[in-house]
Amino acid sequence: MPEKRKIKIMTALAIYDEKYGKKDRLADENFKSDYIYKRNSSLRVGIVIGYILIFMFYMIIKVFSGNIEIVDFDYMLYVKIWGIPLAVILVFYTILGHFIFGREYKESQERLTGYHELMKILHKEKPEASERAE
């Protein structure tokens with residue numbers, strides 16, 4: 001009977017490792033604030049890169065269509081038109097990311113706690129008398 005229990009525990013541990021193991025261990029390497037900071041930073045960098053690509057595409061279309069003269073270009077106007085929405089988007093996603101990544105970290109810590117509990121149970125079980133005799 002204990003052998004079946006060990007098999008069930010090992011199966012549960014293997015399923016955990018396959019499904020969440022790598023992600024949870026990466027989260028566990030950091031404190032919560034560091035994990036949120038790193039994830040938010042990568043999110044913000046991605047947003048800025050995407051926003052710059054969209055802006056460049058927009059400007060290329062404007063320049064080649066003849067709507068903008070490069071010599072008389074008003075940079076401050078475009079900083080206001082494009083920069084303020086970018087700042088608002090970054091603030092919004094930073095706040096949203098704080099909650100989402102905080103929840104992710106909490107869930108991974110809960111799963112890791114369960115994983116460690118199963119490991120303790122697995123290591124506490126003693127081998128049966130027939131196994132010791134072999």
Side-chain angles (χ1 to χ4, degrees):
M1 185 68 172
E3 195 62 34
K4 282 187 177 183
R5 183 174 172 178
K6 276 187 175 182
I7 292 171
K8 285 181 183 180
I9 291 172
M10 288 189 288
T11 303
L13 292 172
I15 290 171
Y16 168 82
D17 277 336
E18 185 71 28
K19 196 170 185 181
Y20 301 110
K22 186 176 180 180
K23 181 181 174 186
D24 286 353
R25 285 186 189 86
L26 287 174
D28 194 45
E29 292 175 357
N30 301 299
F31 292 110
K32 182 178 180 179
S33 59
D34 294 340
Y35 176 77
I36 293 171
Y37 174 76
K38 287 178 182 179
R39 293 293 307 267
N40 262 338
S41 296
S42 62
L43 176 69
R44 287 189 295 258
V45 167
I47 289 171
V48 169
I49 289 171
Y51 205 81
I52 288 171
L53 290 174
I54 292 170
F55 176 73
M56 288 173 51
F57 182 69
Y58 172 79
M59 292 306 292
I60 289 170
I61 290 173
K62 286 285 205 179
V63 168
F64 285 118
S65 68
N67 294 344
I68 295 178
E69 289 292 327
I70 297 177
V71 179
D72 299 330
F73 188 67
D74 185 11
Y75 295 100
M76 288 309 293
L77 175 68
Y78 286 97
V79 167
K80 290 176 188 172
I81 291 173
W82 286 82
I84 293 172
L86 175 61
V88 170
I89 289 169
L90 287 174
V91 168
F92 173 75
Y93 277 103
T94 299
I95 293 168
L96 184 65
H98 178 78
F99 292 110
I100 291 171
F101 300 138
R103 188 183 69 222
E104 276 182 12
Y105 185 84
K106 181 182 174 191
E107 289 171 355
S108 72
Q109 292 302 305
E110 290 170 356
R111 285 191 298 264
L112 277 171
T113 301
Y115 179 84
H116 292 302
E117 291 299 320
L118 286 175
M119 289 296 286
K120 285 179 187 176
I121 292 169
L122 187 64
H123 289 296
K124 281 183 182 177
E125 290 195 8
K126 304 205 190 272
E128 292 182 9
S130 62
E131 291 176 357
R132 282 187 252 155
E134 291 177 358

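Counting from 1, the numbers follow the sequence of the chain as shown. The model shown is predicted, which means the values in this text are computed figures rather than measured ones.
Here E18 contributes atom CD and L13 contributes atom CG; the two are 13.5 Å apart, rounded to the nearest 0.5 Å. The line from NZ of K23 to CZ of R111 is 6.0 Å long, rounded to the nearest 0.5 Å. Atom NZ of K6 and atom NE2 of H123 lie 10.0 Å apart (nearest 0.5 Å). Within the model, atoms CG of D34 and NZ of K38 stand 6.0 Å from one another, a figure rounded to the nearest 0.5 Å. Atom-to-atom distance recorded for Y37:OH and R44:CZ is 7.0 Å, nearest 0.5 angstrom.
Under the 4.5 Å side-chain criterion, counting only non-hydrogen atoms from C-beta, L86 is in contact with I47. Contact of the H116 side chain with the T113 side chain is not registered, since no non-hydrogen atoms from C-beta on lie closer than 4.5 Å.
Hydrophobic clustering, with ILVMFWY side chains joined whenever heavy atoms are under 4.5 angstrom apart, groups I54 together with I52. The cluster map of Ile, Leu, Val, Met, Phe, Trp and Tyr, joined by side-chain heavy atoms under 4.5 Å apart, puts M59 and M56 in the same cluster. When the side chains of ILVMFWY residues are joined at heavy-atom separations under 4.5 Å, either directly or via intervening members, M119 and I9 end up in a single hydrophobic cluster. Taken together through direct or relayed side-chain contacts under 4.5 Å among Ile, Leu, Val, Met, Phe, Trp and Tyr, L77 and F55 form part of one hydrophobic cluster.
Shown here for M10 and L122, the closest heavy-atom pair between the two residues is CG-CD2, 3.9 Å. When every heavy atom of I121 is checked against every heavy atom of R5, the shortest pair comes out as CG2-NH2, 3.4 Å.
Aromatic ring pairs are classed by plane angle as parallel below 30°, tilted from 30° to 60° and perpendicular above 60°; the pair W82 and Y51 is perpendicular.
Of the residues listed (F99, F31, F101), the one engaging I36 in a side chain to side chain contact (heavy atoms under 4.5 Å, CB included) is F101, and it is the only one. Across Y58, F64, F57, a single residue satisfies side chain to side chain contact (heavy atoms under 4.5 Å, CB included) together with I60, and that is F64. Test I95, I89, L96 against F92 for side chain to side chain contact (heavy atoms under 4.5 Å, CB included) and you get one pass: L96. The residue from Y115, Y16, Y105 that alone fulfils the side chain to side chain donor-acceptor pair (under 3.5 Å) condition with D24 is Y16.
E104 and Y35 are linked by a side-chain donor-acceptor pair at a separation below 3.5 angstrom, with hydrogens and angles left out of the test.
Heavy-atom contacts from other residues, nucleotides or ligands closer than 6.0 Å to OH of Y78 number more than 12. The local environment of OH in Y93 is sparse, with at most 12 non-hydrogen atoms from other residues, nucleotides or ligands closer than 6.0 Å.
A salt bridge between R25 and D17 is present, with a side-chain N of the basic residue lying under 4.0 Å from a carboxylate O of the acidic one.
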